[in-house]
Every structure is written in structure tokens, then in C-alpha cells.
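As C-alpha cells, the structure follows; a few thoughts come after it.
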Amino acid sequence: RPGARRVLRQERGRGATNDRARAWRPSLTQRTLSSMHEHDDSALREILDRCHAIAVLGIKSGADEDAFRVPRYMQQHGHRILPVSPKLTSVLGEACVASLGDLREPADLVNVFRAPQHLPGHTDEILAMRPLPFAVWFQLGIRDDASAARLRAAGIRVVQDLCLMVEHARLHGRAHP
């Protein structure tokens, strides 16, 4: 199945991480089945083409971490990165804010690198943003159907359990690191 191969490639490209970091991620089979049916390429392409300012919730500063590599890739492809992490002061040449409520400019997309147990609280933060973002993207392995339903009810597009960098590269015909 083409979708299964794509997820396997995504998983292989993630690099080494510790078991604790993977503990909250659903199995490969669960991710493949849930993601394949939820998102079509035209909807993903619309999100990618329409969203230029990306708030990255849970961004990291380590070059070997996905929460750094994905926003760096998006920045290299012309997107404005708005880093959100209470642990950092700056990353990728941008000032970092502690929470979504501290952003000084609107975000078209909120890219989430946080474990699912944190998503209900972050959903409250997202719903308090003005203006609301066009879309919220839960990275590969991150899924919370209740939070997604709340966001969709507010008119926000939601992508769950897919890698923003991989999907951008696939849909725009570009290689990713």
C-alpha cells in the first residue's frame, strides 16, 4: 500500500530517540490506518499553500530533533516560523515566546510537537487566539480526536498524525533532509 510505505519511510527517517519519547506514540499500524483515510492531498495542499506564518508549539533547539528539523525545513522553504516554547529565548533566528497567547503576530498554522496528554490545554490556547489560525497540524504520532473535534467545530482545519515536512516535500516535489 502506498500510504503504508510513506509512513514507513517517515518512521525510518526520524533518527534515534529514546523509548520514553516513543511511549505515547500509537503503533505504526494504527497511524497508517487512521491517517490514510482522514486526509486527502488536495486538503493538505490547500493548508500548505495558504499558511505562511507557522507557530511551532514545542519547538526544540537541537539540530537532530524533529521539533527543530521540521520548522527549519519550512523556514528554508519560505515560511515564517513563530517559535513557542517556555524553555527557549530564540531559535532559528526568531525570538521565542512562552505560550501561544504571547505571539505578537497572527499564525496561519499551529504546528504541534507536544504529547497527546497536553493537547486539551493547548486546544484551549488555540481557541483563545485572535485571529484563529486557519489550521492546526499535529505532527507524526500525535493524535487527539476530542481536541481535533473542538478545533474543527470552531472552523479550524486539523491534520493529525502526519509530518508537516514530509507532506510538504511530497506534495511540492522537494526533497527533505
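Numbers for residues simply follow the sequence, beginning at 1.
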Open item on the list: Ignoring hydrogens, what is the shortest heavy-atom contact between L132 and A154? Give both atom names and the distance.
Closed with: CD1-O, 3.8 Å

- [ ] Starting at SG of C96, measure out to CG of L88 and round the result to the nearest 0.5 Å.
- [x] 5.0 Å

- [ ] Quick one: pull up CD1 in I81 and CD1 in I54 and give me the separation to the nearest 0.5 Å.
- [x] 4.5 Å

Open item on the list: Under the rule for side-chain contact (heavy atoms from CB on, under 4.5 Å), what residues qualify as partners of A153, not counting sequence neighbours?
Closed with: none

Open item on the list: Checking E65 now: which residues fulfil side chain to side chain donor-acceptor pair (under 3.5 Å) with it, not counting sequence neighbours?
Closed with: none

Task: Sequence neighbours excluded, every pair satisfying ring pair (Phe, Tyr, Trp, His ring centres under 6.0 Å) that has a member inside residues 79-110 - done: H79-H168

- [ ] Identify the two heavy atoms, one from L151 and one from F138, that lie closest to each other, and give their separation to 0.1 Å.
- [x] CD1-CZ, 4.0 Å

Task: Gap separating the CG atom of L171 from the CD atom of E46, nearest 0.5 angstrom - done: 12.5 Å

Open item on the list: Between D161 (side chain only) and G141 (backbone N and O only), is there a donor and an acceptor less than 3.5 Å apart?
Closed with: yes

Task: By side chain to side chain donor-acceptor pair (under 3.5 Å) - contacts of S147 (at least two apart) - done: T123, D144

Open item on the list: If you define the side chain from C-beta out and look only at heavy atoms, does anything of V70 sit under 4.5 Å from V56?
Closed with: no

Open item on the list: My understanding is that only residues two or more places apart in sequence, or in another chain, count here; which of them pass side-chain contact (heavy atoms from CB on, under 4.5 Å) with V97?
Closed with: V84, D102, L103

Open item on the list: According to side chain to side chain donor-acceptor pair (under 3.5 Å), who are the partners of S90, at least two apart in sequence or on a separate chain?
Closed with: none

Open item on the list: Under a 3.5 Å distance rule, please check whether E167 uses its side chain to pair with a backbone N or O of L162 as donor and acceptor.
Closed with: no

Open item on the list: Working note: V159 + L44, criterion side chain to side chain contact (heavy atoms under 4.5 Å, CB included); need CA distance, chi angles, decisive distance, verdict.
Closed with: CA-CA 8 Å; V159 176; L44 294 176; 3.7 Å; yes

Open item on the list: Any side-chain to backbone donor/acceptor pair from R69 onto A63? Under 3.5 Å, distance only.
Closed with: no

Task: Nearest-0.5 Å distance, CE of residue M74 to CD of residue Q76 - done: 11.0 Å

Open item on the list: Suppose we screen for side-chain contact (heavy atoms from CB on, under 4.5 Å). Which residues come up paired with H52, at least two apart in sequence or across chains?
Closed with: D108

Task: Side-chain donor-acceptor pair present, Q160, D145, cut-off under 3.5 Å - done: yes

Task: A95 versus P83, closest heavy-atom pair with distance - done: O-CD, 3.6 Å

- [ ] Heavy atoms only: give me the nearest C51-F134 pair and the separation to one decimal.
- [x] SG-CD2, 3.7 Å

Open item on the list: Going by side-chain contact (heavy atoms from CB on, under 4.5 Å), name the residues that satisfy it together with P106, two or more places apart in sequence or in a different chain.
Closed with: P131

Task: Listed partners of H122 passing ring-ring contact (aromatic ring centres under 6.0 Å, His included), at least two apart - done: none

Open item on the list: As a quick check of understanding, evaluate side chain to side chain contact (heavy atoms under 4.5 Å, CB included) for W137 and V158, giving each step before the final call.
Closed with: CA-CA 6 Å; W137 194 297; V158 179; over 6 Å; no

Task: Validation row: I47, L109 side chains within 4.5 angstrom (heavy atoms) - done: yes

Task: Qualifying salt bridge (charged side-chain N to carboxylate O under 4.0 Å, His left out) pairs with a residue from residues 79-97, counting only residues at least two apart or across chains - done: R80-E94, R80-E105

Task: Distance-minimising heavy-atom pair for L119 and R114 - done: CD2-O, 4.2 Å

Task: salt bridge (charged side-chain N to carboxylate O under 4.0 Å, His left out) contacts touching residues 124-134 (sequence neighbours left out) - done: D124-R150

Open item on the list: Looking at K60 and D66, is there a salt bridge between them, counting it only when a charged N and a carboxylate O are closer than 4.0 Å?
Closed with: no

Task: For the student: nearest non-hydrogen atoms of I59 and V91, plus distance - done: CD1-CG1, 3.5 Å

Open item on the list: List the residues meeting side chain to side chain donor-acceptor pair (under 3.5 Å) with R50, not counting sequence neighbours, and say none if there are none.
Closed with: none

Open item on the list: With heavy-atom distances below 4.5 Å as the criterion, would you say the side chains of R157 and R152 are in contact?
Closed with: no

Open item on the list: If you define the side chain from C-beta out and look only at heavy atoms, does anything of Q139 sit under 4.5 Å from V112?
Closed with: no

Task: Side-chain touch I126/P133, heavy atoms, less than 4.5 angstrom - done: yes

